[in-house]
Structure formats: structure tokens, C-alpha cells
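Because only heavy atoms are used, hydrogens play no part in the values below, and waters and symmetry mates are left out as well, while side chains stay in. Here is the naming used below: chain letters follow the sequence lines, and residue numbers restart at 1 for every chain.
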Protein chains: 2
Amino acid sequence: MPPSSSARLSNCSTCNLAELCLPVGLTDEEMQRLDELNMQKRSYARGDYLYRGGDKFRAVFAINRGAFKTRVLHEDGREQVTGFQMAGEIIGLDAISTDMHDGEALALEDSVVCELPFHRLEALSRDIPSLQRHFHRIMSREIVRDQGIMLLLGSMRSEERVAAFLLTLSQRYAARGLSPTQFQLSMSRQDIGSYLGLKLETVSRAFSNFQEKGIIAVRTRSIEILDLALLQAGINSSC
Amino acid sequence: MPPSSSARLSNCSTCNLAELCLPVGLTDEEMQRLDELNMQKRSYARGDYLYRGGDKFRAVFAINRGAFKTRVLHEDGREQVTGFQMAGEIIGLDAISTDMHDGEALALEDSVVCELPFHRLEALSRDIPSLQRHFHRIMSREIVRDQGIMLLLGSMRSEERVAAFLLTLSQRYAARGLSPTQFQLSMSRQDIGSYLGLKLETVSRAFSNFQEKGIIAVRTRSIEILDLALLQAGINSSC
DNA sequence: CATGTTTTTTGACTCACATCAAACTCAATT
DNA sequence: AATTGAGTTTGATGTGAGTCAAAAAACATG
């Protein structure tokens with residue numbers, strides 16, 4: 001695969017993750033506000049479906065606690081992971097262009113979500129600035145794809161994809177006020193691979209290589225980023 | 001790369017070219033109708049730009065004679081071909097989501113186009129059935145990406161991509177009432193490769209292999225499909 | 001705690017496509 | 001007809017990631 005140029009990530013519109021991939025996130029205060037407004041809350045055990053392909057699009061969900069993955073199942077049974085959503089983020093926007101969920105979402109750990117019915121979104125968005133900011137996109141049914149696609153169609157190599165993936169997670173945790181250098185990985189290597197268009201072994205090898213270089217410290221279900229700058233550099237090496 | 005399953009093309013929503021890739025095309029009568037309506041016509045020499053990245057979106061263009069390629073230029077100078085448009089087809093729809101062209105279009109041969117100003121599209125579409133059919137998509141600014149993306153993000157292997165590419169061209173010529181088995185290739189191997197996410201050598205090799213098998217006859221700038229069924233089969237072999 | 005099951009890691013191997021380089025074609029120009 | 005140069009074909013070689021398999025680690029369960 002291409003060795004390609006040394007363009008900086010920030011200069012490359014086709015693979016600028018920072019701008020393109022951050023999902024709709026709510027602050028702690030906003031999550032609490034939803035509580036006060038008595039929005040319906042529901043619990044899901046690990047493995048439970050939040051919604052399935054073909055379900056009518058009636059609501060989006062604010063994740064209170066836990067994490068989910070979204071995926072589509074191909075006709076032949078293969079799974080394609082399309083994204084990960086964690087506490088403080090909104091999930092369920094994949095249906096906006098069709099009125100139907102084209103994929104399904106399932107809990108990666110025991111989770112609690114807050115349902116935001118479609119017909120109440122306008123009112124809610126007046127109260128929740130983060131929601132407001134994205135409301136017009138939701139209503140105009142603009143297609144919001146997360147960076148999975150961007151990475152796939154881009155020319156990134158396996159380690160670059162994995163580095164980009166970790167950095168995105170890091171940024172998302174930072175946005176929630178959590179540690180950007182030490183966090184859970186509630187999804188399996190298989191899930192990560194599917195999301196990035198790689199095999200699980202390749203993901204594992206990338207982790208191992210990064211660890212050998214002192215960039216990260218991996219444990220099975222969590223990770224610590226030891227050198228954010230180097231991880232960044234890993235992406236910029238090609239683009 | 002993946003050996004993958006033996007699902008049939010027609011059963012595989014992620015790579016069903018037939019439905020997804022045919023661009024907006026006008027019949028001969030419709031092109032003539034545009035003439036009668038005195039729509040502005042302009043000539044472009046090979047290599048001329050029809051529009052450039054960043055240009056304001058004021059019009060779409062019906063290609064009267066000739067052919068164009070659309071592309072985006074990356075910051076580092078690399079070119080990424082995003083599509084090919086030929087006589088009888090509409091070009092310039094890439095800007096609909098932003099009001100600005102995100103890429104540029106340039107003539108692959110000496111060409112004549114008919115300008116259809118955005119503000120006259122509604123009126124025009126009442127007269128031109130083909131345009132009518134796509135008008136709501138244009139106005140609703142629905143993102144219309146052609147099959148380049150589909151192919152790239154799919155799991156097709158090099159020869160499958162090239163076969164799919166030729167078949168699409170074939171269908172498009174057929175749609176214009178031209179021979180679906182014998183037609184010009186006004187773009188270079190380089191262009192085809194960029195479009196399909198392959199290197200020019202790989203495209204050339206695919207052509208040579210198909211020729212050896214008696215599926216096609218290649219000349220430098222044109223091609224004859226000798227066995228359409230076999231070419232189809234080449235795609236279905238994986239998906 | 002012992003046992004079985006799933007997930008992860010690691011290694012050896014394969015293969016499709018990229019890369020590099022040289023030869024060839026064909027059109028345009030002198 | 002000879003020259004040039006871009007575009008194309010072909011061959012030799014390299015390499016990144018997939019495949020297969022087995023060991024190791026993590027997790028679950030009686």
C-alpha cells in the first residue's frame with residue numbers, strides 16, 4: 001500500500017479526524033438537566049439491543065452510563081461495526097435519512113440511556129445547548145457518518161488507523177472531562193477491527209507494536225496513552 | 001485481501017452497482033429540447049476546466065459532446081478522480097451539499113456543454129423528464145456520490161473493480177442508445193486507477209488478463225467487450 | 001479452586017497489489 | 001522518415017495485511 005506523502009493531519013481535509021468524527025456529546029450538566037426534565041430512562045444489560053435494523057426512528061438516546069456499538073449485518077451474516085458511543089454521547093442518529101434504523105445498536109456493557117423522542121427534540125434543544133448546535137443537522141436529515149467511513153476510504157495503513165482510533169477515543173473522553181490518557185476499551189479487538197476495516201490480529205499487533213515503542217500501555221480491556229505526541233506522529237506519517 | 005463470501009452481486013446491497021451508479025442522463029430528444037430552449041452553450045478544449053474547487057455553485061451542465069472527469073486535489077498535490085461524465089449526462093452535482101464545488105471538472109476531450117442555471121432548474125425540469133426525475137434530489141441537496149466510493153469502501157479486488165467499471169460504462173453507453181460493447185476510453189489508465197483506488201499498472205494488467213481470456217479487446221483509447229456475461233461473472237466471483 | 005470457554009497474542013506463511021524499472025506504442029512535430 | 005515524449009505494457013521484486021494455527025491470558029462457571 002502507498003507510502004505517500006508527509007502531509008500533516010491537520011492539513012488534510014479528507015482525513016481530518018478531529019473535525020469530522022466527534023459525535024454529539026452532552027456535558028454533565030446537560031445530562032443532569034435531562035434528568036430534571038424527567039426524560040424516560042432505561043437500563044440495558046451487556047449484549048442487549050437498544051434498537052435493531054428496520055426499527056422505526058422515533059427517538060435518539062443520550063447515554064447516561066455504559067457504552068454501545070452500532071453495526072450493520074450484511075445479508076451473508078457478516079457484521080460491520082459502524083461506530084462506538086459512550087456515556088455522555090448521543091446515539092441513534094443513523095436513521096435520520098430514512099426514518100428507519102439501517103443498523104442496530106447493542107450494549108457493550110451494562111448501560112443506562114435517556115430517551116429523547118423525536119417530537120420533543122425541538123423543545124429539548126432549546127434547553128440543551130449541545131443538542132441545539134446539532135439540531136438543524138438532525139432535522140435537515142443531513143447525513144452524519146462518523147469517521148469509520150473516512151478511515152476506510154482513505155489511504156491510511158493499519159497502524160495509522162489504530163492510532164487514529166485511539167486518538168479519537170482520547171479526544172472524546174477529554175470532551176467529557178475524563179482522562180484522555182487512560183480509559184476503558186469496552187469493545188473487543190474484533191469490534192475495533194471491524195470498525196477500522198482490519199482483522200483482529202492486525203489490531204492486536206498494532207497495539208503490541210505501539211507498546212513496544214513505549215507509546216501506549218495495553219491491558220486487555222483498558223489502555224493508557226504514554227506518549228500522545230508520538231501517537232499523533234503515527235498518523236501523520238502518511239495521510 | 002479478503003477472499004470473502006460467494007454472495008451474488010444482485011443480493012449485496014453494499015455493492016449493487018446497477019442501482020447506485022448511473023448518473024443523471026438525458027435522451028437525445030431532451031438534449032435537443034435544451035437546444036430549442038436556447039440554453040447557453042460553451043465549448044471546452046481537452047484539458048480545460050469546466051469548474052474548479054471553491055467555485056460557487058450556480059449551475060449544472062448537460063454534456064452535449066465530449067467527456068469530463070471530476071476530481072479533488074489533496075493538499076499535498078495528489079489527485080483523486082471522483083468520476084467520469086460523458087455526452088448526454090449531467091455534471092456539476094457535486095456542489096449541492098455546500099453551495100461550493102468541492103472538486104473540479106476538466107475536459108478529457110474537446111467538449112460542448114449546455115449550462116443549466118440553478119435558478120432555472122425548476123422550470124427546466126418540467127420540460128425534461130429525466131431532469132424532473134432527479135430534481136427533488138438536487139433541490140433537497142441529498143448527497144449524491146457515484147460508485148467510486150462504493151467500490152472503494154467495498155471489498156472488491158482489483159479485477160472486480162475494473163470489470164465493474166467497464167460494465168458501468170457499458171450500461172451508460174447503452175442508456176444513450178450507443179453500442180454497449182464498443183466504446184471510447186477517453187480517460188487514461190492513470191485516471192481509471194485513481195478512480196478505482198488502484199495503480200495504473202494494476203489497471204493495465206487487469207485489461208491484459210481480460211483480453212487473454214477473450215473477455216475484451218483493448219486498444220489504447222477504446223475497448224470492445226467480447227463477452228459481457230463473463231465480465232459480469234468476474235464481478236460476482238466475490239462481492 | 002479447578003475446569004472449560006472465550007479472547008488475545010504471537011509466529012509462520014501466503015497473496016494481492018504496490019513499487020521499480022525497462023521496453024514498447026503511438027501521436028505529434030520537425 | 002527521424003525525433004520526441006507521454007502513455008502503456010510487462011516483468012521482477014517488495015511488502016502490508018490476511019490466513020491459519022497454536023500458545024497464552026482473561027473470564028466464567030460449577
Return the [atom1] to [atom2] distance between [X] and [Y], rounded to the nearest 0.5 Å.
X         : Y         : atom1 : atom2 : value
Glu159(B) : Lys213(B) : CD    : NZ    : 5.0 Å
Ile91(A)  : Gln85(A)  : CD1   : CD    : 4.0 Å
Ser194(B) : Met187(B) : OG    : CE    : 12.0 Å

Would you say Ser208(B) places a side-chain N or O within less than 4.0 Å of OP1 or OP2 belonging to dT9(D)? no
Between Thr202(A) and dA17(D), does any side-chain N or O lie under 4.0 Å from OP1 or OP2? no
The side chain of Ser188(B) is closest to which nucleotide in this list: dT8(D), dC17(C), dT9(C)? dT8(D)
Over how many whole Å does the gap from [X] atom [atom1] to [N] atom [atom2] extend?
X         : N       : atom1 : atom2 : value
Arg157(B) : dA17(D) : CZ    : C1'   : 14 Å
Arg78(A)  : dG18(D) : CZ    : P     : 14 Å
Lys199(A) : dA17(D) : NZ    : P     : 14 Å
Arg161(B) : dA18(C) : CZ    : C1'   : 13 Å
Leu196(A) : dG18(D) : CG    : P     : 11 Å
Gln190(A) : dT9(C)  : CD    : P     : 13 Å
Ile216(B) : dT8(D)  : CD1   : P     : 14 Å
Asp191(A) : dT8(C)  : CG    : C1'   : 13 Å

Under a 4.5 Å cut-off applied to non-hydrogen side-chain atoms, are [X] and [Y] in contact?
X         : Y         : result
Leu185(B) : Phe207(B) : yes
Ile192(A) : Val81(A)  : no
Arg42(A)  : Phe61(A)  : no
Phe210(B) : Ile225(B) : no

What does the B/S/- profile of nucleotides 21-30 of chain D look like, 5' to 3', with a 4.0 Å heavy-atom cutoff to protein? -----S----
What about Arg205(A): does its side chain form a donor-acceptor pair under 3.5 Å with the base of dG18(D)? no
Can Glu109(B) and Arg65(B) be counted as an ion pair, charged N to O under 4.0 angstrom? no
Going by the angle between their ring planes, with limits at 30° and 60°, are Phe68(B) and Tyr44(B) parallel, tilted or perpendicular? perpendicular
Residue closer to the 5' end of DNA chain D, Glu159(A) versus Leu200(B) (nearest nucleotide): Leu200(B)
Roughly what angle, to 10°, lies between the helix axis at the start of the helix from dC1(C)-dG30(D) to dT30(C)-dA1(D) and the one at its end, five pairs per end? 30°
